[in-house]
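This one's a predicted model, so the numbers in the text were calculated from it and none came from an experiment. Labels below follow one simple rule: chain letters A, B, ... track the order of the sequence lines, proteins then strands, and each chain is numbered from 1. Side chains are part of it too, since the values below use all heavy atoms of this structure and drop only hydrogens, waters and symmetry mates.
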2 protein chains.
Amino acid sequence: MNIKATLIAVSESLFDRHGFTATGMDKLTRGAGISSRTLYKHAGSKSALIASVLSEREKRFLRRLEVTSTAALFKALEDWVRVEGCRNCLFLRAYGETGGDTPEVAEVVLAHKARMIEKIADIVALETGRADDPQLVEQIVVLFEGATAAAVYRGERAVVAAGKAATTLVQRACV
Amino acid sequence: MNIKATLIAVSESLFDRHGFTATGMDKLTRGAGISSRTLYKHAGSKSALIASVLSEREKRFLRRLEVTSTAALFKALEDWVRVEGCRNCLFLRAYGETGGDTPEVAEVVLAHKARMIEKIADIVALETGRADDPQLVEQIVVLFEGATAAAVYRGERAVVAAGKAATTLVQRACV
DNA sequence: GTAGATGTAAAATGATCGTTTTACACTTGG
DNA sequence: CCAAGTGTAAAACGATCATTTTACATCTAC
């Protein structure tokens with residue numbers, strides 16, 4: 001019944017399915033069952049709506065990634081892909097569609113990526129016992145990003161393979 | 001002086017910089033210095049122009065990837081990123097912006113990804129001596145895709161790390 | 001020398017863009 | 001009871017969308 005929550009949920013699925021620029025405000029109002037006046041009162045503008053959608057998505061995403069091992073991290077991504085589908089990273093898609101020129105959007109995207117790196121760094125540190133291994137962290141970040149992107153055309157296989165590669169690399173660093 | 005070639009080159013850079021949907025036909029005609037009539041005579045339609053842009057980009061991309069080792073593959077990607085910048089995979093961006101619903105675009109994108117997998121499979125087979133190692137191929141594909149995506153916010157570091165990870169994994173399979 | 005191809009500029013097509021506004025109905029708290 | 005808040009529907013905003021058309025200039029080849 002919460003208008004803003006349903007607006008954001010509807011917007012997320014439409015943006016994800018058809019793209020940000022290609023999804024007009026009329027499709028959003030129609031989808032959420034509200035007037036354009038109400039939409040603008042709650043969302044402010046299209047850019048702000050996109051930023052809100054991404055912020056909410058990040059919360060939901062991070063809730064699924066509360067893990068303490070690399071293997072569990074990629075298992076969590078596997079679950080995410082199974083439940084939410086794989087249409088590539090919505091953050092990078094938003095960044096790309098706006099050319100990085102919409103500050104409210106760019107900020108949310110880059111902040112999200114920074115948080116992801118931190119999270120992965122924590123997991124790697126916990127697992128290897130080493131406080132800092134930037135090269136290994138970078139590799140796991142790349143595998144995570146690659147699994148998300150490749151899943152578009154390879155499906156879950158990509159995530160499984162990425163998880164195996166990640167555990168192999170982390171294992172090697174534990175010796 | 002070739003009108004179609006310059007049109008495609010200009011379109012590629014505008015699409016890459018600002019996104020496909022956000023780039024209108026007037027910016028393309030203005031950018032290429034031609035009339036809209038001439039644009040449509042050469043390109044057919046916007047979807048067809050996008051498909052042409054991607055086809056030309058693939059040719060240029062593959063020409064840079066004529067290598068015979070995993071290490072060289074990622075070095076080539078490093079060069080590509082340095083020369084052409086890193087705004088994420090333009091093929092997946094096109095696929096995402098059109099929701100995969102524009103057949104001419106979807107076809108070029110998926111065909112390109114299929115060719116990339118084949119190329120990587122060939123390199124891996126050549127390097128390991130094994131005819132077929134689908135899991136390892138999948139891992140290198142994910143690393144390649146991940147390097148491209150992560151380079152948006154990590155720059156060349158991501159590509160370097162991906163290359164190191166790839167050679168490590170391939171080496172392991174050679175023993 | 002004229003027909004055909006290839007280009008231009010510019011206007012018109014009807015649809016759709018994001019956003020604001022006008023006018024009206026319903027609830028809720030003082 | 002009425003003022004404030006929150007919602008609706010619908011129209012209007014000027015801009016821009018992809019595409020087509022009309023009218024005209026320039027080259028090239030037979």
Check: [Y] and [X] side chains under 4.5 Å, non-hydrogen atoms:
X: A:Phe144; Y: A:Ile117; result: no
X: A:Glu78; Y: A:Val160; result: yes
X: B:Cys89; Y: B:Lys113; result: yes
X: A:Leu169; Y: A:Leu143; result: yes
X: A:Arg60; Y: A:Trp80; result: yes
X: B:Val105; Y: B:Phe20; result: no
X: A:His42; Y: A:Ile34; result: no
X: B:Leu28; Y: B:Met25; result: yes

Whole angstrom is fine here: how far is it from [atom1] in [X] over to [atom2] in [N]?
X: B:Leu39; N: C:dA9; atom1: CG; atom2: C1'; result: 15 Å
X: A:Tyr40; N: D:dG7; atom1: OH; atom2: C1'; result: 18 Å
X: A:Asn2; N: D:dT6; atom1: CG; atom2: P; result: 13 Å

Contact list please: residues 41-55 of chain A against DNA chain C, heavy atoms, distance less than 4.0 Å, in numerical order. A:Ser45, A:Lys46
Kindly check if the number of other-residue, nucleotide or ligand heavy atoms within 6.0 Å of NZ (A:Lys164) is above 12? no
Once side-chain contact (heavy atoms from CB on, under 4.5 Å) is applied, do any residues pair with A:Ala5, and if so which ones, sequence neighbours excluded? A:Asn2
Less than 4.0 angstrom from a charged side-chain N to a carboxylate O is my criterion; do B:Asp79 and B:Arg82 meet it? yes
Tell me whether B:Arg115 is salt-bridged to B:Glu118, with the criterion being a basic N under 4.0 Å from an acidic carboxylate O. no
I'd like to know whether A:Arg17 forms a side chain to side chain contact (heavy atoms under 4.5 Å, CB included) with A:Thr23, so could you lay out the CA-CA distance, the side-chain angles of the two residues, the decisive distance to 0.1 Å, and finally the verdict. CA-CA 9 Å; A:Arg17 178 62 185 82; A:Thr23 302; over 6 Å; no
Please work out which residues in residues 92-106 of chain A have a non-hydrogen atom less than 4.0 Å from an atom of DNA chain D and list them by number. none
Identify, residue by residue, the members of residues 15-34 of chain A with a heavy atom below 4.0 Å from DNA chain D, and return them in order of residue number, or none. A:Gly33, A:Ile34
Stepwise, does the side chain to side chain contact (heavy atoms under 4.5 Å, CB included) test hold for A:Tyr153 with B:Val109? CA-CA 10 Å; A:Tyr153 54 97; B:Val109 172; over 6 Å; no
Would you give a per-nucleotide map of nucleotides 21-27 of chain C, 5' to 3', where B means the base has a protein non-hydrogen atom under 4.0 Å away, S means only the sugar-phosphate does, and - means neither? BBB----
Watson-Crick and G-U pairing of DNA chain C written in dot-bracket, each distance under 3.5 angstrom, with | for inter-strand partners: ||||||||||||.||||.||||||||||||
Evaluate the criterion side chain to side chain contact (heavy atoms under 4.5 Å, CB included) for residue pair A:Val67 and A:Lys75; output intermediate values, then yes/no. CA-CA 10 Å; A:Val67 297; A:Lys75 258 276 175 271; over 6 Å; no
